[in-house]
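Okay, so here's the structure we're looking at.
Throughout, a chain's letter reflects where its sequence line sits, starting with A, and its residues are numbered from 1.
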Amino acid sequence: MKIHEYQGKELFDQWGITTVSGAVCRSVDEALNAYDHLGLSRAVVKAQVLTGGRGKAGGVKIAKNREELALIAASILGMDIKGYIVDRILVAAAVDIAAEYYFSFVVDRNAKSVVMIMSRDGGVEIEEVAAKNPERIHKIPIFPFVGVPDFLARKAASILFDDWNHIVQAKEMIKKLYRLMVDTDASLVEINPLVISKSGELLALDAKINFDDNAMYRRPEIEKLFEPTPEEEKELDAKAKGFSFVQLQGEIGCMVNGAGLAMATMDLIKLYGGTPANFLDIGGSSNPNKVVEAMKLLLSDTDVKVVLINIFGGITRCDDVARGLLTAFNQIKTDIPIVIRLTGTNEKEGRELLLGTPFHTAETMGEAIKKAVELSARNHVIVHQA
Amino acid sequence: MKIHEYQGKELFDQWGITTVSGAVCRSVDEALNAYDHLGLSRAVVKAQVLTGGRGKAGGVKIAKNREELALIAASILGMDIKGYIVDRILVAAAVDIAAEYYFSFVVDRNAKSVVMIMSRDGGVEIEEVAAKNPERIHKIPIFPFVGVPDFLARKAASILFDDWNHIVQAKEMIKKLYRLMVDTDASLVEINPLVISKSGELLALDAKINFDDNAMYRRPEIEKLFEPTPEEEKELDAKAKGFSFVQLQGEIGCMVNGAGLAMATMDLIKLYGGTPANFLDIGGSSNPNKVVEAMKLLLSDTDVKVVLINIFGGITRCDDVARGLLTAFNQIKTDIPIVIRLTGTNEKEGRELLLGTPFHTAETMGEAIKKAVELSARNHVIVHQA
Amino acid sequence: MSILIDKNTKVVVQGITGRDGGFHAAKMKEYGTKVVAGISPGKGGTDAGGIPVYNTVRESVEKEGADTSIIFVPAPFVKDAVMEAADAGIKLIICITEGVPTLDIIAARHYAFAMGAKIIGPNCPGLISPGKSLIGIMPGNIFMPGKTGVISRSGTLTYEVVYNLTQAGIGQSTAVGIGGDPVAGLYFIDLLQMFQDDPDTDSIVMIGEIGGDAEEKAAAYIKANITKPVYSFIAGRTAPADKRMGHAGAIISSGSGSAGEKLAALTAAGAHVVNEPAEIPALIKKH
Amino acid sequence: MSILIDKNTKVVVQGITGRDGGFHAAKMKEYGTKVVAGISPGKGGTDAGGIPVYNTVRESVEKEGADTSIIFVPAPFVKDAVMEAADAGIKLIICITEGVPTLDIIAARHYAFAMGAKIIGPNCPGLISPGKSLIGIMPGNIFMPGKTGVISRSGTLTYEVVYNLTQAGIGQSTAVGIGGDPVAGLYFIDLLQMFQDDPDTDSIVMIGEIGGDAEEKAAAYIKANITKPVYSFIAGRTAPADKRMGHAGAIISSGSGSAGEKLAALTAAGAHVVNEPAEIPALIKKH
């Protein structure tokens with residue numbers, strides 16, 4: 001789960017991490033009011049979108065005065081950054097920066113722990129630094145039961161800074177940042193740039209925080225910060241029904257049990273020349289209601305020309321799955337061709353139950369997918385002819 | 001640092017460990033008032049002394065009614081338990097006990113960690129159980145950074161109890177007790193007996209807590225619970241002056257640098273037939289003021305017949321020590337014979353400085369101690385003759 | 001032979017009185033696995049389908065000789081359950097539960113590692129040494145004993161692959177589902193080495209997916225240390241960047257973790273990379 | 001040869017800008033110890049009597065090759081200082097500071113152990129391999145190189161014993177003051193084994209005192225594992241029960257830790273137990 005920079009900064013405030021106060025604005029008027037209210041002179045305007053690379057895209061600008069602020073706010077609001085439309089901006093005092101740094105805590109798959117990552121090359125895309133000058137990036141793994149004692153924070157701070165005054169400020173910030181990570185079950189807490197202002201103060205000029213979805217049950221105050229996009233709403237709806245769903249732009253609607261098998265199904269559709277309309281993992285049961293709900297979801301996408309149902313019957317036997325499908329399709333009327341592939345335990349019995357139905361059946365995954373791709377191409381033609 | 005049972009129970013209350021409410025009383029009248037005020041019927045009266053074995057000594061008794069309470073309170077107040085005079089008692093409701101258990105957290109020298117110790121044989125002297133039936137005592141070491149997670153508390157609780165209701169109560173108590181240990185820097189937190197009442201409730205019927213003197217600087221609220229005996233006052237006074245001092249019952253006053261050497265000096269005095277009047281470690285400096293203070297301390301003990309100064313000059317050279325002694329003894333007038341043994345760096349120069357003074361000097365520890373024992377015996381005779 | 005588990009493995013089921021725990025305990029027992037005990041705090045002394053239930057793992061170790069644990073407890077309790085098992089002396093802990101907070105599994109794994117225990121999972125289907133022991137939620141009947149080791153980040157995709165193998169008469173020594181979470185226990189490299197060391201494993205099938213760089217790391221390891229043939233399928237070639245595909249593990253992030261990079265790395269390491277799972281049996285037979 | 005430290009040992013002094021740290025850093029350097037750096041957070045870049053000062057131990061390891069640390073920081077900061085040294089890769093940490101809270105040293109020791117570092121102390125005088133390296137607060141001039149190893153819980157009593165040895169012409173391979181606190185790092189058993197393994201140590205002097213049962217444990221270990229002659233003096237025979245004698249360690253508690261029990265155990269283990277320290281040199285010469 002991601003949150004906006006301004007929300008991250010609110011959390012920084014709560015955990016005592018020094019950042020720059022600002023105001024979230026949804027219009028040029030609000031931005032001008034904020035400018036006056038905060039008593040700003042030079043101001044920074046930052047697009048609030050849940051994606052990286054804002055700076056490169058022109059979503060972060062400095063306004064020298066009130067007039068410039070109005071122009072910049074107008075230009076950034078409504079901007080499209082990697083498909084995200086900017087509906088709000090953060091207006092804050094521009095800081096006189098002496099130097100920029102990078103700092104983050106992140107869950108590391110390989111270290112199997114949280115690691116602190118820091119670099120004296122801040123304010124740029126850290127991935128580029130990592131690729132070109134890996135020696136300029138420092139990683140320190142954190143022992144989960146030990147956390148970040150004074151010495152470790154001091155060590156990290158002294159990797160970033162030479163001036164003792166900066167080290168002391170950074171040491172305190174690092175301990176608080178780790179506290180924030182643990183207290184909120186974050187999976188990433190990133191500050192880029194972390195700056196030393198010309199007056200010698202350490203400031204978090206950005207705040208990027210991702211949270212562990214699995215832990216949100218115990219962080220209700222964090223969970224409520226989440227603002228799903230319409231696309232994510234659809235995925236969350238699906239999740240509430242026990243599905244894992246991702247909308248794509250193709251023509252073959254997929255219904256598969258298991259995430260890996262669902263991905264493999266998509267891969268094979270492409271391999272055979274078709275296009276998957278979605279990723280849909282319906283999980284492991286043969287409950288007909290689940291199939292009905294899944295079909296509704298698939299058929300709500302008007303691009304879908306064919307539905308491919310790919311089920312591996314393991315613990316749930318194929319005959320039970322077939323019966324579930326039959327019950328479900330008694331409730332659903334559709335002209336869209338449906339290809340069903342059932343394999344696994346009791347597969348013969350399952351396929352026999354489907355004999356004489358309008359469904360196209362197949363024994364292997366390859367066969368099923370070939371058929372679905374073929375049908376989607378034919379359907380295409382029909383649609384074009386109509 | 002030790003505290004009384006009633007103080008321990010107050011801490012138990014603060015940390016949420018269920019115990020039995022009671023009142024500390026310093027007179028029979030107070031005890032009767034407490035009896036009425038608490039609305040007791042059967043009451044337990046417990047001597048509050050900073051030593052073990054109260055029960056055996058008759059310091060814990062049950063009163064069936066108000067009259068008996070008065071008699072028992074009168075008998076326990078003023079009692080001498082291992083040299084401690086009972087000046088207060090705890091009066092509390094007598095619990096109907098179904099079963100008694102033992103539980104403690106203690107710093108273990110060998111495990112080099114805190115260990116949980118538990119036994120189903122509670123209410124008795126646990127050392128006896130340990131000696132006769134070691135298999136009835138269970139020890140679980142605690143990882144310092146991990147502490148006592150649920151599972152560990154559940155494991156310990158299920159070693160003590162069979163009934164799930166008791167296990168759940170004990171699990172919670174164990175976690176709180178460890179919290180108390182860590183939060184107060186205790187070195188021992190012991191409940192004996194820990195009981196299950198006839199109504200099924202888990203209760204800490206005793207509370208024995210020792211604290212780590214070294215950590216009291218960060219636990220002022222605990223430190224102020226300490227009530228030193230007059231003897232301990234004297235030792236604390238000495239400590240404030242940089243000495244480590246223990247009063248004993250002998251005739252040879254000792255002033256030594258270093259605890260081990262001081263103990264060895266006492267041992268050799270006994271070995272040669274004398275009696276040490278004290279243990280006094282003056283630490284490592286040659287500061288004359290320290291010597292003056294130490295001499296005052298030694299001479300305040302009228303039993304002292306001889307003073308033995310045993311100094312090993314290491315980093316501090318013997319000639320500096322000798323100069324310090326001379327300066328000090330310019331300020332002190334005494335008829336008590338003084339034996340000085342100086343060894344180590346620049347020992348010859350040191351001993352030369354003492355030539356022509358009234359001090360008896362010696363080169364080896366054995367020689368010095370023989371002389372001190374001899375002088376104390378002679379002095380003895382003189383005293384007897386007078 | 002097989003790796004990690006065999007017919008002598010004695011299993012305790014943590015969370016046996018839950019719906020999934022009870023169901024799969026019975027399934028495992030039916031398969032022939034030695035399920036010696038179940039744990040359900042507060043239900044000690046009862047019986048779950050003929051399996052004795054205890055309050056603590058310690059009791060199952062002391063009284064039934066359990067050496068391996070499978071965890072079905074709800075996600076909020078997984079951390080404590082893993083630590084309890086490791087503390088009790090369990091040496092292999094298989095965690096089926098999904099949705100475990102990452103910081104919990106990091107702590108639990110660290111603790112288990114310090115106690116000398118191995119973890120598989122969380123969010124995994126478990127493992128099976130066909131004909132000997134099934135410790136997980138896999139459908140036992142699709143497996144057959146043999147000499148191919150299987151390692152997979154995915155559940156049903158594993159079944160698909162194994163089903164193809166079994167249909168073609170290629171049995172499995174052990175098949176391990178390592179789970180799809182960002183932080184998990186035993187992973188490709190650990191298991192590749194175990195299969196390399198197992199005299200009764202002749203070839204290894206490795207099923208990866210997008211997200212993370214475990215496959216790239218495995219490729220480097222294969223090149224340096226593995227002499228047995230490795231067959232690999234990677235799911236998610238067509239998955240769009242920055243999208244979750246069922247598990248949290250399946251994220252393309254930071255220019256690492258794309259199927260293309262994984263395929264290239266494995267091919268360069270000498271693994272036989274296939275376009276579809278069905279190609280694997282024929283390839284194995286050819287070599 | 002010697003144990004633990006020799007003329008190549010590179011020492012960093014944690015707390016070098018404090019009174020004791022500065023004084024003893026100079027003394028050690030004067031003795032010939034390679035004191036390569038000092039640590040004082042906030043004073044990095046300065047110089048303490050010709051010794052470069054850094055803010056962190058890491059810098060002293062990276063820039064000066066420090067491998068051993070001696071700690072003089074005030075008691076409230078010892079836990080952090082020990083952990084910092086262990087984290088930085090220091091393999092031997094000598095803690096001179098007294099008055100360290102027990103729970104702090106338990107945590108620090110646990111961490112250091114996990115990082116592969118050994119601790120001596122706290123509340124100890126340090127150690128010396130005469131003629132090679134002195135890392136502690138011992139008076140270097142009373143020692144002489146030789147073949148007797150010394151282990152002691154006490155400071156000045158060690159000097160007393162060593163002075164007697166040196167006067168009698170018996171040199172020392174290494175002398176270690178293990179400290180008198182309830183929980184400490186290397187202890188009798190660890191050091192007995194190191195001296196047993198050191199080809200240039202012929203005999204071992206062990207100076208114990210009342211409190212705890214480390215001497216009894218050492219006696220059992222001597223009986224089972226030590227073939228070199230062990231000479232022992234135990235201080236506190238006449239100390240009254242339940243009294244502190246200078247250190248917290250010197251408490252007779254729970255029927256264990258009395259001088260009598262220790263003497264009996266050591267005698268039964270074949271150690272040469274003496275009534276006064278001065279007897280030791282003659283005994284060593286006799287054997």
Check your understanding: Can you say whether C:Ile137 sits under 4.5 Å from chain A via the side chain, the backbone, both, or neither, judging by heavy atoms?
Key -> backbone
Check your understanding: With only heavy atoms counted, which part of A:Val256 is less than 4.5 Å from chain C, the side chain, the backbone, both or neither?
Key -> neither
**Study point:** C:Phe188 ring center within less than 6.0 Å of C:Tyr221 ring center
**Key:** no
**Study point:** Sidechain N-carboxylate O distance under 4.0 Å for A:Arg341, A:Glu367
**Key:** no
Review point. In terms of heavy-atom proximity below 4.5 Å to chain A, should C:Arg109 be classed as side chain, backbone, both, or neither?
Key: side chain
Check your understanding: Under a 4.5 Å heavy-atom cut-off, does chain A meet the side chain of C:Phe233, its backbone, both or neither?
Key -> side chain
**Study point:** A:Lys112 side chain to C:Ala184 backbone, donor-acceptor under 3.5 Å
**Key:** yes
Exercise for review: Using modelled atom types only, decide if a donor and an acceptor are shared between the side chain of A:Ser119 and the backbone of A:Arg136 within a distance under 3.5 Å.
Suggested key: yes
Point to revise | Per-residue contact mode, C:Asn275 against chain A (heavy atom under 4.5 angstrom) | key: both
Point to revise | Side-chain donor/acceptor of A:Glu251 to backbone N/O of A:Ala277, under 3.5 Å | key: no
Practice item. Against chain C, label A:Glu347 side chain, backbone, both or neither, depending on which of its atoms sit under 4.5 Å from a heavy atom there. Key: side chain
Exercise for review: Could you tell me which of A:Met216, A:Met181, A:Met365, A:Arg218 has the largest number of non-hydrogen atom pairs under 4.5 Å with chain C?
Suggested key: A:Arg218
Practice item. Indicate the atoms forming the closest heavy-atom contact of A:Arg317 with A:Asp319, along with that distance. Key: CB-OD1, 3.1 Å
Check your understanding: What part of C:Ala278 gets closer than 4.5 Å to chain A, counting heavy atoms only: side chain, backbone, both or neither?
Key -> neither
Review point. Within residues 267-274 of chain A, which positions have a heavy-atom distance to chain C below 4.5 Å?
Key: A:Asp267, A:Leu268, A:Lys270, A:Leu271, A:Tyr272
**Study point:** Contacting region of A:Phe243 [heavy-atom separation from chain C under 4.5 Å]
**Key:** neither
Review point. Can we say C:Lys262 and C:Glu216 salt-bridge, meaning some charged N sits less than 4.0 Å from an Asp/Glu carboxylate O?
Key: yes
Revision key, fill the gap. When C:Leu127, C:Asp190, C:Leu191 are each screened for side chain to side chain contact (heavy atoms under 4.5 Å, CB included) with C:Ile120, the one that passes is C:Leu127
Exercise for review: Can you label the angle between the C:Tyr159 ring and the C:Phe143 ring as parallel, tilted or perpendicular, going by 30° and 60°?
Suggested key: perpendicular
Practice item. Under 4.5 Å, counting heavy-atom pairs only, tell me which of A:Val107, A:Thr364, A:Ile311 racks up the most with chain C. Key: A:Val107
Exercise for review: Please report the shortest heavy-atom distance between C:Thr97 and C:Pro74, naming the atom on each side.
Suggested key: CG2-C, 3.9 Å
Exercise for review: Check whether C:Gln167 gets within reach of chain A through its side chain, its backbone, both or neither, counting any heavy atom under 4.5 Å.
Suggested key: side chain
Check your understanding: Which answer fits A:Asn110, side chain, backbone, both or neither, if we ask what part of it has an atom under 4.5 Å from a heavy atom of chain C?
Key -> side chain
Point to revise | A:Asp301 bridged to A:Lys234 by N-O distance under 4.0 Å | key: no
Point to revise | Greatest number of heavy atom pairs closer than 4.5 Å to chain A - which of C:Val100, C:Ile105, C:Asn164, C:Ile142 | key: C:Val100
**Study point:** C:Ile234 versus chain A, the contacting section by heavy-atom distance below 4.5 Å
**Key:** backbone
